[in-house]
*Asks:* 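Structure incoming, see below.
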Amino acid sequence: MTSLDTHPETRLGDYIALLKPSVMSLAVFTAMIGMFVAPVPVHPVIGFASVLFIAVGAGASGALNMWYDADIDGLMTRTRSRPIPAGRVAAGDALMLGLWLSGLSIVMLALTANLLAGALLALSIAFYIAVYTMVLKRRTVQNIVIGGAAGALPPVIGWAVATGGVAWEPFLMFLLIFLWTPPHFWALALYAAADYRQAAVPMMTVAHGERVTRRQILIYCLALLPVSLLVVFSPIGGPATAAVALAVNGVMVAGAIRLVHRAAREAESDSYAAERLFFRQTLFYLFALFSAMAVDAMLRAHLMANLNWPVLF
């Protein structure tokens with residue numbers, strides 16, 4: 001076991017980087033929305049503490065992922081500057097940090113909210129590390145597809161914090177993120193294909209080429225449309241969700257069609273500008289759609305509490 005002062009050049013920012021803040025923020029955001037749209041109100045203190053421990057759990061997953069993937073991270077241009085391959089944090093330190101934060105987050109969420117929420121957080125961390133990182137990522141082209149289940153669990157965890165149970169509404173949110181994950185990461189894989197090839201990671205672009213990857217992106221974008229419409233007509237949907245769903249799905253499908261019709265030579269000549277744009281659009285898709293659910297939840301609460309109107313949506 002190594003100590004945290006083994007590398008005197010290590011800075012706090014290096015340990016924060018181990019937690020993958022960008023990935024953590026997405027997990028926190030979707031968990032918050034799952035909690036907010038649930039039919040049972042959450043005490044602000046319990047809600048804040050639960051979000052904090054979900055964030056810690058997401059960060060723990062990032063640290064464990066960086067510990068295990070340090071060898072291939074060092075081979076890829078996109079990741080070689082991460083703390084472990086760059087030599088700023090010892091691998092053993094990252095492992096201990098991830099394990100301690102995992103245990104802390106699971107136990108504290110179970111004590112703060114309920115056992116189900118803690119168990120779901122444990123499932124998310126275990127699936128991301130044991131199933132996706134250790135088994136799927138280096139062995140199958142379906143790594144992102146199956147592994148996406150871990151990243152799709154936060155809204156279900158948030159719902160469990162509020163209600164102490166699960167229902168079909170959080171399953172729809174889970175399904176949205178699950179289907180969103182492949183086109184999001186495959187867009188990245190289009191312009192980072194050389195990295196994945198160098199590290200022998202069987203992403204879709206490496207295993208089947210750009211042409212198949214572009215078609216698969218379109219297929220998953222089309223699959224997102226009916227799921228988002230199910231959300232619209234569910235108890236967590238409403239007019240804001242309907243308007244946003246139509247807009248962002250239109251943007252996603254149009255962008256995916258454009259990717260399908262782009263040749264690899266054309267994409268390479270302009271540094272994959274369209275692919276990079278599509279990657280950013282996928283981030284906006286999830287943010288906009290989940291935000292719209294929160295708007296509809298506030299609208300329902302306002303109508304019920306202040307105007308005493310019947311809830312029609």
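The basis for the numbers below is simple: all heavy atoms, side chains too, and nothing from hydrogens, waters or symmetry mates.
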*Asks:* Begin from the C-alpha positions of Cys221 and Trp180 and carry the test side-chain contact (heavy atoms from CB on, under 4.5 Å) through to its verdict.
*Replies:* CA-CA 7 Å; Cys221 287; Trp180 165 90; over 6 Å; no
*Asks:* Using the ring of each side chain (for Trp, its six-membered ring), is Phe287 parallel, tilted or perpendicular to Phe284, with breaks at 30° and 60°?
*Replies:* tilted
*Asks:* Verify the neighbour count for atom CZ of Arg211: are there more than 12 heavy atoms of other residues, nucleotides or ligands below 6.0 Å?
*Replies:* no
*Asks:* Would the distance check show the side chain of Ser234 and the main-chain N or O of Val231 forming a donor-acceptor pair, the cut-off being under 3.5 Å?
*Replies:* yes
*Asks:* Keeping the roles fixed (side chain from Asn143, backbone from Lys137), state whether a donor-acceptor pair exists under 3.5 Å.
*Replies:* yes
*Asks:* Would you say Phe36 and Met32 make side-chain contact, with heavy atoms under 4.5 Å?
*Replies:* no
*Asks:* Out of curiosity, Gln216 CD to Met204 CE, how far, rounded to the nearest 0.5 Å?
*Replies:* 4.5 Å
*Asks:* Indicate, with yes or no, if Tyr196 and Val23 share a hydrophobic cluster defined by side-chain heavy-atom contacts under 4.5 Å among Ile, Leu, Val, Met, Phe, Trp and Tyr.
*Replies:* no
*Asks:* Can Asp71 and Arg138 be said to form a salt bridge (Lys or Arg N to Asp or Glu O under 4.0 Å), step by step?
*Replies:* CA-CA 12 Å; Asp71 57 335; Arg138 308 186 193 207; 2.9 Å; yes
*Asks:* Kindly give the heavy-atom pair with the smallest separation between Val89 and Ala94, and that separation in Å.
*Replies:* CG1-N, 4.3 Å
*Asks:* Is it possible for you to say whether Leu179 and Phe233 belong to one hydrophobic cluster, with membership spreading through side-chain heavy-atom contacts below 4.5 Å?
*Replies:* no
*Asks:* Any luck finding a side-chain donor-acceptor pair between Tyr285 and Asn249 under 3.5 Å?
*Replies:* yes
*Asks:* Any ion pair linking Arg88 and Asp93 (charged N to carboxylate O, less than 4.0 Å)?
*Replies:* no
*Asks:* Are any non-hydrogen side-chain atoms of Met35 and Val40 less than 4.5 angstrom apart?
*Replies:* no
*Asks:* Counting N and O atoms only, with roles assigned by atom type, does the side chain of Arg276 sit under 3.5 Å from a partner on the main chain of Ser271, one being a donor and the other an acceptor?
*Replies:* yes
*Asks:* Taking the side chain as everything from C-beta on, heavy atoms only, tell me whether Phe278 gets closer than 4.5 Å to Ile217.
*Replies:* yes
*Asks:* Taking all atoms of both residues into account, what is the closest heavy-atom pair of Ile157 and Ser124, and its distance?
*Replies:* CD1-CB, 4.4 Å
*Asks:* For the atom pair CZ (Arg280) and CG (Leu283), what is the distance rounded to the nearest 0.5 Å?
*Replies:* 9.5 Å
*Asks:* Is there a side-chain contact between Leu188 and Met203 (heavy atoms, below 4.5 Å)?
*Replies:* no
*Asks:* Roughly how far, to the nearest 0.5 Å, is CG of Leu64 from NZ of Lys20?
*Replies:* 10.5 Å
*Asks:* Quick one: pull up CG in Leu289 and CE in Met173 and give me the separation to the nearest 0.5 Å.
*Replies:* 10.5 Å
*Asks:* Look at atom CZ of Arg258 and say whether more than 12 heavy atoms of other residues, nucleotides or ligands are closer to it than 6.0 Å.
*Replies:* no
*Asks:* Give the minimum heavy-atom separation between Gly57 and Leu121, together with the two atoms involved.
*Replies:* CA-CD1, 4.3 Å
*Asks:* Applying side-chain contact (heavy atoms from CB on, under 4.5 Å) to Val201 and Val206, what does each step give before you reach the verdict?
*Replies:* CA-CA 8 Å; Val201 176; Val206 175; over 6 Å; no
*Asks:* Hey, is the main chain of Ala160 close enough, under 3.5 Å, to the side chain of Asn114 for a donor-acceptor pair?
*Replies:* yes
*Asks:* If you group Ile, Leu, Val, Met, Phe, Trp and Tyr by side-chain heavy-atom gaps below 4.5 Å, do Leu99 and Tyr132 land in one group?
*Replies:* yes
*Asks:* Keeping to residues at least two apart or across chains, list the salt bridge (charged side-chain N to carboxylate O under 4.0 Å, His left out) pairs with something in residues 198-210.
*Replies:* Glu210-Arg214
*Asks:* Any sub-3.5 Å donor-acceptor pair from Asp195's side-chain atoms to Ala192's backbone N or O?
*Replies:* no
*Asks:* Between Arg82 and Asp69, does the salt bridge (Lys or Arg N to Asp or Glu O under 4.0 Å) criterion hold? Intermediate values first, please.
*Replies:* CA-CA 11 Å; Arg82 285 176 173 175; Asp69 279 349; over 6 Å; no
*Asks:* Between Phe290 and Ile177, does a side-chain contact (heavy atoms from CB on, under 4.5 Å) hold up when you go through it step by step?
*Replies:* CA-CA 10 Å; Phe290 273 71; Ile177 302 175; 3.8 Å; yes
*Asks:* Looking only at heavy atoms, which two atoms of Gly165 and Trp159 are closest? And how far apart?
*Replies:* O-CD1, 3.4 Å
*Asks:* Is any side-chain heavy atom of Leu97 closer than 4.5 Å to one of Leu18?
*Replies:* yes
*Asks:* CZ of Phe185 to OH of Tyr220: how many Å apart, nearest 0.5 Å?
*Replies:* 14.0 Å
*Asks:* Is it the case that the side chain of Arg300 and the backbone of Gly238 share a donor-acceptor pair, with hydrogens and angles ignored and the cut-off at 3.5 Å?
*Replies:* no
*Asks:* Membership question, hydrophobic clusters at under 4.5 Å side-chain separation (ILVMFWY): are Trp168 and Leu175 in the same one?
*Replies:* yes
*Asks:* Tell me if the CD atom of Glu266 is crowded by more than 12 foreign heavy atoms within 6.0 Å.
*Replies:* yes
*Asks:* Determine whether Thr181 and Ile144 make a side-chain contact, defined as any pair of heavy atoms from C-beta on separated by less than 4.5 Å.
*Replies:* yes
*Asks:* Any donor-acceptor pair under 3.5 Å linking the side chain of Thr205 with the backbone of Ala193?
*Replies:* no
*Asks:* Which pair of non-hydrogen atoms, one from Glu275 and one from Ala267, has the smallest distance, and what is that distance?
*Replies:* OE2-CB, 3.6 Å
*Asks:* What distance separates Thr241 OG1 from Leu229 CG, expressed to the nearest 0.5 Å?
*Replies:* 11.0 Å
*Asks:* Whether the side chain of Thr140 engages the backbone of Gln142 through a donor-acceptor N/O pair (distance < 3.5 Å, no angle test) should be reported.
*Replies:* yes
*Asks:* Counting only N and O atoms by type, is there a donor-acceptor contact under 3.5 Å from the side chain of Thr282 to the main-chain atoms of His184?
*Replies:* no
*Asks:* Any idea which heavy atoms bring Ala117 and Leu109 closest together, and the distance?
*Replies:* O-CD2, 3.5 Å
*Asks:* According to a hydrophobic-cluster definition based on side-chain heavy atoms being under 4.5 Å apart (Ile, Leu, Val, Met, Phe, Trp, Tyr only), do Leu218 and Val251 belong together?
*Replies:* no
*Asks:* Answer yes or no: is there a donor N or O on one side and an acceptor on the other, between the side chain of Thr133 and the main chain of Tyr128, under 3.5 Å?
*Replies:* yes
*Asks:* I would like to know whether Met252 and Leu224 meet side-chain contact (heavy atoms from CB on, under 4.5 Å); could you show each step before the answer?
*Replies:* CA-CA 9 Å; Met252 284 275 283; Leu224 277 169; 4.0 Å; yes
*Asks:* Between Leu176 and Ser228, is there a side-chain heavy-atom distance shorter than 4.5 Å?
*Replies:* yes
*Asks:* Report yes if some heavy atom in the side chain of Phe174 is under 4.5 Å from a heavy atom in the side chain of Val227; otherwise report no.
*Replies:* no
